[in-house]
Amino acid sequence: MTPTVLVSGGAGFIGSHVTVELIQAGYNVIVADNMSNCDKTCYNGAQKITGRKIPFFKMDFCNRRAVEKLFQTNKIDAVIHFAAFKAVGESVAQPVMYYRNNLDSFLNIVDAARTYGCPNILFSSSATVYGQPEKLPVTEESPRQEATSPYGNTKQICEDVLRDSVKAYGNIRGIALRYFNPIGAHPSALMGELPRGVPNNLVPFITQTAIGKRECLSIFGNDYPTPDGTCLRDYIDIVDLAKAHVCAVDRMMADKMKEPYEIFNIGTGKPVSVMELVNAFQKVNGVKLNYKIAPRRAGDVTAVWADPSKANKELGWKAQRTIEETLKAAWTWELFIAHK
Ligand code: UFG
């Protein structure tokens, strides 16, 4: 029988791309989302791309009864958890809201999974757990550093919840994928990022500036100790990132895990500076960006990029798409939503 994967937050940016890749790899997918931070554009896009009617539940994972019911009434072979708040600044201003939402939802999932026979849990973690690493690139063995925001702390706590639960209950296994900076959009231009209000992240701010929704991009700091003075990040294409989830689910399903709880860095291994990204965007899309150098943004680390060799070797996954292809897709998506 075709295995079924539950994708919490499956209508969002990452969740919708993962849904498509899972279906294309032969899985059944159930999407559940409370739609608190997205509309149905990406979910509809996922249905169009796959040509499938994808089961959808509008529900909040903080509602314990609703989560139990979902696991009780569906045979779920694996769950991937994306349903969480993700704005760093907002989490500093609203810590209780962040802890409650991001922790309750995951606790409910782990509890329901172990109780109702779903053995495989995949958690979407973040490179934020590494803070500013002493040594670069970062491997999965690099130490986690004390989180600088409640958002980052919820990622660390959820990793620990999964690690401890796998160890204690014996009937579940878990993988945490630590994403670096996911960017881009589906090449079909039917799914992409839809930030509400002013974007926090670099690429949506770039595309919105290029299309005229924002006046000017601020480059936060050009006095960092990096080759061109701007911060270095590991930008990972959203479709490549989504494929990593399929590899991780395959690994769990096939019982190929070396440990019952595993962690993988999901990045390209190549550092790119803010300035390089801005220039690549202008060049590949033939557009001119209005930008200025602004003061550093509080909380930004200077440089972080992945050593993805564990994921390359163990998951059989490797980032494929070039930054140019990714930035082209991001721009095509912005043009698509502008004309919708
Ligand atoms: N940047 C700008 N101008 C902008 C937006 C961003 O110059 O308008 C710069 C930032 O200073 C940073 C780089 O672009 O150097 C990337 O910034 P993003 O906000 O896109 O991404 P971050 O690396 O800050 O964020 C990532 C993840 C978060 C995570 C955070 C923790 O996207 O989920 O790391 O530091 F919480």
Side-chain angles (χ1 to χ4, degrees), residues 9 12-15 37 82 84-93 95 98 102 123-133 136 138 144-159 176-184 192-193 195 197-210 213-238 241 265-268 270-281 289-306 323 326-327 330:
F13 173 47
I14 302 180
N37 196 28
F82 296 109
F85 293 154
K86 60 172 185 180
V88 178
E90 186 183 49
S91 80
V92 175
Y98 266 68
N102 291 8
F123 176 65
S124 70
S125 191
S126 165
T128 192
V129 303
Y130 296 118
Q132 176 58 70
L136 286 162
V138 279
R144 295 192 318 190
Q145 298 205 25
E146 193 171 341
T148 53
S149 72
Y151 160 78
N153 207 16
T154 65
K155 291 292 178 197
Q156 298 205 7
I157 296 169
C158 286
E159 284 191 353
L177 298 183
R178 290 177 177 161
Y179 314 147
F180 284 69
N181 288 56
I183 62 164
E193 249 177 309
V198 184
N200 292 312
N201 296 116
L202 180 60
V203 170
F205 208 106
I206 289 178
T207 57
Q208 290 197 5
T209 306
K213 269 195 223 167
R214 311 273 154 215
E215 218 166 277
C216 181
L217 166 76
S218 292
I219 293 181
F220 297 136
N222 69 347
D223 57 351
Y224 284 97
T226 61
D228 67 17
T230 63
C231 294
L232 296 170
R233 295 286 184 277
D234 186 333
Y235 296 95
I236 173 77
D237 181 88
I238 186 67
L241 178 86
N265 283 343
I266 304 300
T268 65
K270 293 184 205 92
V272 171
S273 77
V274 176
M275 207 58 242
E276 283 172 326
L277 194 97
V278 166
N279 287 333
F281 180 86
L289 257 187
N290 194 19
Y291 68 83
K292 63 171 189 226
I293 304 298
R296 291 182 179 195
R297 180 171 71 176
D300 274 343
V301 297
T302 302
V304 61
W305 69 92
I323 193 100
T326 305
L327 292 172

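As the structure lists them, so they are numbered: ligands from 1, and atoms in each ligand from 1. Quick note: residue numbers are just sequence positions, from 1.
Atom OG1 in Thr326 sits 8.0 Å away from atom CD1 in Ile236 (nearest 0.5 Å). To the nearest 0.5 angstrom, Ile14 atom CD1 is 8.0 Å from Glu193 atom CD.
Under the side chain to side chain contact (heavy atoms under 4.5 Å, CB included) criterion, Asn279 pairs with Met275, Gln282, sequence neighbours left out. Arg297 pairs by the salt bridge (charged side-chain N to carboxylate O under 4.0 Å, His left out) definition with Asp300, not counting sequence neighbours.
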Can you give each donor-acceptor pair under 3.5 Å made by side-chain atoms of residues 197-208, sequence neighbours left out, with the distance rounded to 0.1 Å?
residue : atom : partner : partner atom : Å
Thr207  : OG1  : Val203  : O            : 3.4
Thr207  : OG1  : Pro204  : O            : 3.1
Thr207  : OG1  : Glu334  : OE1          : 2.7
Gln208  : OE1  : Arg214  : NE           : 2.9
Gln208  : OE1  : Arg214  : NH2          : 3.2

Tabulated below should be the N or O atoms of ligand 1 paired with protein N or O atoms at under 3.5 Å; can you produce that?
residue  : atom   : partner : partner atom : Å
ligand 1 : 3 (N)  : Ser218  : O            : 2.7
ligand 1 : 7 (O)  : Ser218  : O            : 3.3
ligand 1 : 7 (O)  : Phe220  : N            : 2.9
ligand 1 : 11 (O) : Asp300  : OD2          : 2.6
ligand 1 : 17 (O) : Arg297  : NH2          : 3.4
ligand 1 : 19 (O) : Asn200  : O            : 3.4
ligand 1 : 19 (O) : Asn201  : ND2          : 3.1
ligand 1 : 19 (O) : Arg297  : NH2          : 2.8
ligand 1 : 20 (O) : Asn201  : ND2          : 3.3
ligand 1 : 20 (O) : Leu202  : N            : 2.8
ligand 1 : 21 (O) : Asn181  : ND2          : 3.1
ligand 1 : 23 (O) : Asn181  : ND2          : 3.0
ligand 1 : 23 (O) : Arg233  : NE           : 2.6
ligand 1 : 24 (O) : Arg297  : NH2          : 2.9
ligand 1 : 33 (O) : Tyr151  : OH           : 3.1

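Taking the side chain as every heavy atom from C-beta outward, Val92 and Pro150 approach each other to under 4.5 Å.
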